[in-house]
Amino acid sequence: MVHQQRSQEWLSQTGDVEDTVTNLVPRLAYFAGVARTEHVTRAAQEMRVPQSTLSRAVARLEDDLGVDLFARRGRTVSLTPAGRTFLASVERALADLERAAEEVRADADPAVGKVAFGFLHTMGAETVPGLIQAFRADHPRIRFSLVQNYGEAMLEGLRRGELDLCLTSPVPDAPDLVARRLDEQKLRLVVPADHRLASRRRIRLSEAAEETFVTLEAGYGLRRITDDLCAQAGFRPRVAFEGEEAETLRGLVAAGLGVALLPPPAFPRPGVAELTVTAPRAVREIGVAWLGGHPDTPPVAAFKKFLLSRRGRLLPH
């Protein structure tokens, strides 16, 4: 009853379950050590802490929980039923914490650590594999967690801590992010192979003002670039189909469902003709971005330095 009264008083003072957890966590390892040895003095010696510190921590833990975890006989103790129940969860929690600590230590290891790297779908077939192959010539054991996505989703991944770096377009301009332009990629007007413009090698984008377009969905960087280029050419594109991946759009063009502004394919696609756009200048900038104010682990710092060293030669020209 005394423990229950103390616990109720303590909770009423804090009024916050998170405060309970904050107070419990530092004492869990002490509790587990005493439970393992069933002897306060021996546990203090094994854990290399003063016996008084250990005794106070366990007593406060019992006060916070409002239950007796140990039955005491001098300096020898034994778990109560409540203590046995609590110990099972504590051991699982401590094991999870240790695994998490080992994982983050391993991810930060300069030789074998991990980089969480995001990139656009259009860079997945050729550019990114080539980059990683070149980087691992000097860092053969560094691991990668690779994420293909559209630009805005990757920027949110940076903010949530799910990504360390990302290659994206357009190059973002946001106060919480750091971004560096690395290269630019020409965009082509892709038309069906039997289209009236298919025999042309070059074209002004204004000549496609009456065409039906297939584009990426709103929110994708390439969609914004397409809309901007068409606006510069004096028209708003009539969009018949929207997709999530450039090669799908190329397939729709091959099927005669419209035309598209797309970066060059990794491999030639039958059924389409790809025309150089002479006006306006049809390119997209590719950059690397990361979250500002965040210290890099050695593997991330090494890969970031490598990417920045590829400025102007990230893509084939």
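The basis for the numbers below is simple: all heavy atoms, side chains too, and nothing from hydrogens, waters or symmetry mates. For the single chain, residues carry numbers from 1 onward in sequence order. Owing to the predicted nature of the structure, the values given are computational and were not obtained by experimental measurement.
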Asks: Rounded to the nearest 0.5 Å, what separates atom NE2 in His39 from atom CD in Gln45?
Replies: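 Going from NE2 on His39 over to CD on Gln45, the span is 8.5 Å.
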Asks: Would you say that Lys304 contacts Asp296 through its side chain, given a criterion of any heavy-atom pair below 4.5 Å between the two side chains?
Replies: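 Answer yes - side chains close enough.
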Asks: For Cys230 and Arg236, what are the C-alpha separation, side-chain angles and deciding distance, and is it a side-chain contact (heavy atoms from CB on, under 4.5 Å)?
Replies: CA-CA 6 Å; Cys230 290; Arg236 182 176 180 177; over 6 Å; no
Asks: Applying side-chain contact (heavy atoms from CB on, under 4.5 Å) to Leu79 and Phe70, what does each step give before you reach the verdict?
Replies: CA-CA 4 Å; Leu79 287 167; Phe70 294 104; 3.5 Å; yes
Asks: Which pair of heavy atoms, one from Leu54 and one from Ala44, lies closest together, and at what distance?
Replies: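 For Leu54 and Ala44, the tightest heavy-atom pair comes out as CD2-N, 3.4 Å.
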Asks: Report, as yes or no, whether the 6.0 Å neighbourhood of atom CD on Glu98 holds more than 12 heavy atoms from other residues, nucleotides or ligands.
Replies: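 Check passes, neighbour count above 12.
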Asks: In this structure, would Val239 and Leu222 fall into the same cluster of hydrophobic residues linked by side-chain contacts under 4.5 Å?
Replies: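 In one cluster with Val239: Leu222, no.
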Asks: Side chain of Thr80, backbone of Leu69: donor and acceptor closer than 3.5 Å?
Replies: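 Judged by distance alone, yes, a pair lies under 3.5 Å.
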Asks: Rounded at 0.5 Å granularity, tell me how far CG in Leu97 sits from CG in Leu28.
Replies: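 Separation between the atoms: 8.5 Å.
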Asks: For the residue pair Ala82 and Asp68, what are the closest heavy atoms and their distance?
Replies: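 It is CB-O, 4.0 Å.
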Asks: One thing to verify: whether Arg311 and Asp183 come together as a salt bridge, which I'm taking to mean a side-chain N less than 4.0 angstrom from a carboxylate O.
Replies: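 No, this pair does not count.
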Asks: Quick one: are Val272 and Val191 in side-chain contact, heavy atoms under 4.5 Å?
Replies: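 The answer is no, as the side chains (C-beta and beyond) never meet within the 4.5 Å cut-off.
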Asks: So, do Phe303 and Phe144 have ring centers that fall under 6.0 Å from each other?
Replies: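 That pair passes the under 6.0 Å test.
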Asks: Mind telling me whether His139 and Phe135 have parallel, tilted or perpendicular rings, with 30° and 60° as the class edges?
Replies: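 It falls in the parallel class, under 30°.
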Asks: Under 4.0 Å between a side-chain nitrogen and a carboxylate oxygen: does that hold for Arg105 and Asp109?
Replies: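 A salt bridge is absent here (no side-chain N lies under 4.0 Å from a carboxylate O).
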Asks: Judged by modelled atom types alone, do Arg92 and Ser89 share a side-chain donor-acceptor pair under 3.5 Å?
Replies: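 Yes, side-chain donor-acceptor contact under 3.5 Å.
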Asks: Which atoms form the tightest heavy-atom contact between Leu249 and Gly243, and what is the distance?
Replies: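 Looking at all heavy atoms of both residues, the shortest contact is CD2-N, 3.9 Å.
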Asks: Could you state whether Leu275 and Ile225 fall into the same hydrophobic cluster, counting links through intermediate Ile, Leu, Val, Met, Phe, Trp or Tyr residues with side-chain heavy atoms under 4.5 angstrom apart?
Replies: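 Shared cluster, yes.
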Asks: Closer than 4.0 angstrom, basic N to acidic O: yes or no for Asp64 and Arg27?
Replies: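 Looking at Asp64 and Arg27, the cut-off is met.
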Asks: Would you find more than 12 non-hydrogen atoms of other residues, nucleotides or ligands less than 6.0 Å from Arg141 atom CZ?
Replies: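 Open: at most 12 neighbouring heavy atoms sit under 6.0 Å from CZ of Arg141.
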Asks: Should Phe213 and Phe241 be marked as a ring-ring contact (aromatic ring centres under 6.0 Å, His included) after you check the CA-CA gap, both sets of side-chain angles, and the distance that decides it?
Replies: CA-CA 7 Å; Phe213 277 72; Phe241 295 92; over 10 Å; no
Asks: Hey, does the side chain of Thr37 reach the backbone of Gly33 with a donor-acceptor pair shorter than 3.5 angstrom?
Replies: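 Yes; at least one donor-acceptor contact below 3.5 Å.
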Asks: Look at the side chain of Ser55 and the backbone N and O of Gln51, then say whether any donor-acceptor pair between them is shorter than 3.5 Å.
Replies: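 A pair under 3.5 Å: yes.
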Asks: Examine distances only and state if a side-chain atom of Arg136 and a backbone atom of Pro140 form a donor-acceptor pair shorter than 3.5 Å.
Replies: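 The answer is yes, because a donor-acceptor pair under 3.5 Å joins these two groups.
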Asks: Between Met47 and Val34, is any pair of side-chain heavy atoms under 4.5 Å apart?
Replies: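 No, side chains not in contact.
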Asks: Can you confirm whether Val283 sits close enough to Leu187 that some side-chain heavy atom of one is under 4.5 Å from a side-chain heavy atom of the other?
Replies: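 The answer is no; the side chains never approach within 4.5 Å.
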Asks: Can we say Glu62 and Arg72 salt-bridge, meaning some charged N sits less than 4.0 Å from an Asp/Glu carboxylate O?
Replies: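 Looking at Glu62 and Arg72, the cut-off is met.
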Asks: Taking side chain as C-beta onward, heavy atoms only, is Trp290 less than 4.5 Å from Leu177?
Replies: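 The answer is no; the side chains never approach within 4.5 Å.
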Asks: Side-chain contact test, heavy atoms from C-beta onward, threshold under 4.5 Å: evaluate it for Asp227 versus Arg224 and give yes or no.
Replies: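 They are not in side-chain contact.
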Asks: Between Thr215 and Arg223, do the side chains contain a donor N or O and an acceptor N or O under 3.5 Å apart?
Replies: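 Thr215 and Arg223 do have a side-chain donor-acceptor pair below 3.5 Å.
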Asks: For side-chain hydrogen bond (donor to acceptor under 3.5 Å, both in side chains), just list the numbers for Thr122 and Arg284, CA-CA rounded to whole Å, side-chain angles, deciding distance to a tenth of an Å, and then say yes or no.
Replies: CA-CA 12 Å; Thr122 50; Arg284 66 171 180 172; 2.5 Å; yes
Asks: More than 12 heavy atoms of other residues, nucleotides or ligands under 6.0 Å from CZ of Arg73: yes or no?
Replies: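 Atom CZ in Arg73 is crowded, with more than 12 foreign heavy atoms closer than 6.0 Å.
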Asks: Can you confirm whether Arg159 is buried at CZ, in the sense that more than 12 heavy atoms of other residues, nucleotides or ligands lie under 6.0 Å from that atom?
Replies: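 Yes - once you tally the heavy atoms of other residues, nucleotides and ligands closer than 6.0 Å, there are more than 12.
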Asks: Could you state whether Tyr220 and Leu189 fall into the same hydrophobic cluster, counting links through intermediate Ile, Leu, Val, Met, Phe, Trp or Tyr residues with side-chain heavy atoms under 4.5 angstrom apart?
Replies: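 Linked, Tyr220 and Leu189 end up in one cluster.
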Asks: With side-chain contact (heavy atoms from CB on, under 4.5 Å) as the test, would you mind laying out the steps for Phe117 and Val128 before giving the verdict?
Replies: CA-CA 10 Å; Phe117 182 43; Val128 168; 4.1 Å; yes
Asks: Given 3.5 Å as the limit, does a donor-acceptor pair link the side chain of Arg204 with the main chain of Val277, or not?
Replies: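 The answer is no, because no donor-acceptor pair under 3.5 Å joins these two groups.
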Asks: Verify the cluster assignment for Leu182 and Met154: are they in a single hydrophobic cluster under the rule of side-chain heavy atoms below 4.5 Å apart?
Replies: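 Yes; tracing contacts between hydrophobic side chains, which count when under 4.5 Å, links both residues.
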Asks: Search all heavy atoms of Thr212 against all heavy atoms of Leu257 and return the closest pair with its distance.
Replies: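 Of all heavy-atom pairs spanning Thr212 and Leu257, the closest is CG2-O, 4.1 Å.
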Asks: Below 4.0 angstrom, N of the basic side chain to O of the carboxylate: do Arg250 and Glu247 qualify?
Replies: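 Salt bridge flag = yes for Glu247 with Arg250.
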Asks: Check whether any side-chain heavy atom of Thr168 lies under 4.5 Å from a side-chain heavy atom of Leu120, and answer yes or no.
Replies: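 Yes. Closest side-chain heavy atoms under 4.5 Å.
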Asks: Would you check, one step at a time, whether the test side-chain hydrogen bond (donor to acceptor under 3.5 Å, both in side chains) holds for Ser169 with Glu285?
Replies: CA-CA 6 Å; Ser169 178; Glu285 292 187 335; over 6 Å; no
Asks: Among the clusters formed by ILVMFWY side chains lying less than 4.5 Å apart, do Leu146 and Ile286 turn up in the same one?
Replies: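 Leu146 and Ile286: one cluster.
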Asks: Could you measure the distance from the CZ atom of Arg201 to the OG1 atom of Thr278? Nearest 0.5 Å is fine.
Replies: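 Atom-to-atom, Arg201:CZ and Thr278:OG1 are 13.0 Å apart.
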Asks: Take atom CD of Gln133 as the centre, draw a 6.0 Å sphere, and report whether it contains more than 12 heavy atoms from other residues, nucleotides or ligands.
Replies: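 It does not: Gln133 CD has 12 such atoms or fewer within range.
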Asks: More than 12 heavy atoms of other residues, nucleotides or ligands under 6.0 Å from CG of Asp173: is that the case?
Replies: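 Result for CG/Asp173: open.
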Asks: For the CZ atom of Arg310 and the CG atom of Leu131, what is their distance to the nearest 0.5 Å?
Replies: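 Going from the CZ atom of Arg310 to the CG atom of Leu131 covers 5.5 Å.
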Asks: Look at atom CZ of Phe86 and say whether more than 12 heavy atoms of other residues, nucleotides or ligands are closer to it than 6.0 Å.
Replies: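 Count over threshold, so yes.
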Asks: How close do Cys166 and Leu155 get, heavy atom to heavy atom, and via which atoms?
Replies: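 Scanning both residues completely, I find the closest heavy atoms to be SG-CD2, 4.1 Å.
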Asks: Can you see which heavy atom on Gln185 is nearest to which on Pro263, and at what distance?
Replies: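 For Gln185 and Pro263, the tightest heavy-atom pair comes out as OE1-CB, 3.3 Å.
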Asks: Do the non-hydrogen side-chain atoms of Val253 and Val214 ever get within less than 4.5 Å of each other?
Replies: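 Of all side-chain heavy-atom pairs linking Val214 with Val253, at least one is under 4.5 Å.
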Asks: Is it true that Glu184 and Arg281 make a salt bridge, defined as a side-chain N closer than 4.0 Å to a carboxylate O?
Replies: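 Yes, this pair counts.
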Asks: Quick one: CD on Glu38 to OG1 on Thr76, what's the gap to the nearest 0.5 Å?
Replies: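 One gets 8.5 Å once the value is rounded to the nearest 0.5 Å.
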Asks: Quick one: do Leu308 and Val288 satisfy side-chain contact (heavy atoms from CB on, under 4.5 Å)? Show the steps, please.
Replies: CA-CA 8 Å; Leu308 294 174; Val288 58; 4.0 Å; yes
Asks: Find the distance between CG (Asp164) and CG (Leu158) and round it off to the nearest 0.5 Å.
Replies: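 Rounded to the nearest 0.5 Å, the CG-CG separation comes out at 8.5 Å.
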Asks: Treating Arg200 as the side-chain partner and Arg202 as the backbone partner, does any N or O pair qualify as donor plus acceptor under 3.5 Å?
Replies: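 Between the backbone of Arg202 and the side chain of Arg200 there is a qualifying donor-acceptor contact (under 3.5 Å).
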Asks: Is Arg238 salt-bridged to Glu211, going by a charged N under 4.0 Å from an acidic O?
Replies: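 Salt bridge: no.
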